S.K.: 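Have a look at the structure that comes next, please.
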Amino acid sequence: EVQLVESGGGLVQAGGSLRLSCAASGFTFGDYAIGWFRQAPGQEREGVACLSISDGTIAYADSVLGRVTISMISAERTVYLQMNSLKPEDTGLYFCAAPVGCSVRGVYSAQGGYWGQGTQVTVSS
C-alpha cells in the first residue's frame, strides 16, 4: 500500500531551521507530484510547497517563499523540506501528500491523494 512517513519536526526558536523528510513507498515515485501541507489547530490545511517530477514544477506558498526549499533524493524515495528563518506562524502539523496539484499557481490537495501521519513543528518566540 501507499505509505508516506514524515519525520524531522521538533521545537525550535524563531529564526532557527528544520529539515523535514517524507519517505514514500507503495507507488511509482515519479508518477506523483508530492507536496507538503501544514495545519495549525483550528485552521484549514494549507499547501506549503510541492515538487512535480514529471514536469519539473516546483512551487511555494507566498508565506514561505525564500525561507523553504523542497528537494528530493529519488534513489531514497524521499522528499525533503528545508525550512530556515522559522517564524512562530510556521507552527503546525506538517504533512506530506501524493499526488498533489502542483503548479505555479500554488499547491493543492488532490482527490484520492495519500497523506502521511504528520510531524509537529513548533516555533517559539
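Quick note: residue numbers are just sequence positions, from 1. All values below were derived from every heavy atom in this structure, side-chain atoms included, with hydrogens, water molecules and symmetry-related copies excluded. Computed from a predicted structure; not experimentally measured.
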S.K.: Give the cluster check for Tyr94 versus Val79: same hydrophobic cluster or not, with ILVMFWY residues linked at side-chain heavy-atom distances below 4.5 Å.
M.R.: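 Yes, one cluster joins them.
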
S.K.: May I ask you to decide if the ring planes of Tyr32 and Tyr114 are parallel, tilted or perpendicular, using 30° and 60° as cut-offs?
M.R.: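 The arrangement is parallel - the two ring planes meet at less than 30°.
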
S.K.: Would you say Arg38 and Thr91 make side-chain contact, with heavy atoms under 4.5 Å?
M.R.: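 They are not in contact (no side-chain heavy atoms under 4.5 Å apart), so the answer is no.
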
S.K.: Measure the OG1-OH distance between Thr69 and Tyr80 for me, rounded to the nearest 0.5 Å.
M.R.: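 Answer rounded to 0.5 Å: 14.0 Å.
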
S.K.: For residues 11-29, please give each side-chain donor-acceptor pair under 3.5 Å, one per line with the distance, not counting sequence neighbours.
M.R.:
residue, atom, partner, partner atom, Å
Ser17, OG, Asn84, OD1, 2.9

S.K.: Within the structure provided, determine whether Met83 and Val48 are in side-chain contact (heavy-atom separation under 4.5 Å).
M.R.: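 Side chain of Met83 against side chain of Val48, heavy atoms only: no contact under 4.5 Å found.
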
S.K.: Quick check for you: to the nearest 0.5 Å, what is the distance between Leu93 atom CG and Thr122 atom OG1?
M.R.: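 Answer rounded to 0.5 Å: 9.5 Å.
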
S.K.: If two hydrophobic side chains count as joined below 4.5 Å and joins carry through other members, does Trp36 share a cluster with Val68?
M.R.: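 Yes; tracing contacts between hydrophobic side chains, which count when under 4.5 Å, links both residues.
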
S.K.: Establish whether Leu4 and Val121 are linked, either directly or via other cluster members, by ILVMFWY side-chain heavy-atom contacts under 4.5 Å.
M.R.: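 Yes; tracing contacts between hydrophobic side chains, which count when under 4.5 Å, links both residues.
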
S.K.: Does Val104 belong to the same Ile/Leu/Val/Met/Phe/Trp/Tyr cluster as Ile58, with side-chain heavy atoms less than 4.5 Å apart forming each link?
M.R.: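 They do not share one cluster, since no chain of ILVMFWY contacts under 4.5 Å joins Val104 to Ile58.
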
S.K.: Looking at Leu81 and Ala49, what are the two nearest heavy atoms and their distance?
M.R.: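 Minimum heavy-atom separation between Leu81 and Ala49: CD1-CB, 3.8 Å.
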
S.K.: Using every non-hydrogen atom in the two residues, find where Phe37 and Ser109 come nearest and quote the distance to one decimal.
M.R.: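 It is CZ-N, 3.5 Å.
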
S.K.: For the residue pair Pro99 and Ala110, what are the closest heavy atoms and their distance?
M.R.: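 What the structure gives for the nearest pair is O-CB, 3.4 Å.
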
S.K.: Say you draw a straight line from OH of Tyr108 to SG of Cys50; how long is it, rounded to the nearest 0.5 Å?
M.R.: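 Rounded to the nearest 0.5 Å, the OH-SG separation comes out at 9.5 Å.
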
S.K.: Tell me whether Thr119 contacts the main-chain N or O of Gly9 through its side chain, where contact means a donor paired with an acceptor under 3.5 Å.
M.R.: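 Answer holds: yes.
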
S.K.: Is the side chain of Gln117 donor-acceptor paired with the backbone N or O of Glu6 at a distance under 3.5 Å, no angle test?
M.R.: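 Yes; at least one donor-acceptor contact below 3.5 Å.
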
S.K.: Would you mind reporting whether Ile34 and Leu51 have side-chain heavy atoms less than 4.5 Å apart?
M.R.: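 Of all side-chain heavy-atom pairs linking Ile34 with Leu51, none is under 4.5 Å.
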
S.K.: Are any side-chain N or O atoms of Tyr60 and backbone N or O atoms of Ile70, one a donor and one an acceptor, separated by less than 3.5 Å?
M.R.: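 Here the side-chain-to-backbone pair exists.
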
S.K.: For Asp62, does the CG atom have more than 12 heavy-atom neighbours from other residues, nucleotides or ligands under 6.0 Å away?
M.R.: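 Incorrect, the count does not exceed 12.
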
S.K.: Would you say Val64 and Leu86 are hydrophobically clustered, going by side-chain heavy atoms of ILVMFWY under 4.5 Å?
M.R.: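 Val64 and Leu86: one cluster.
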
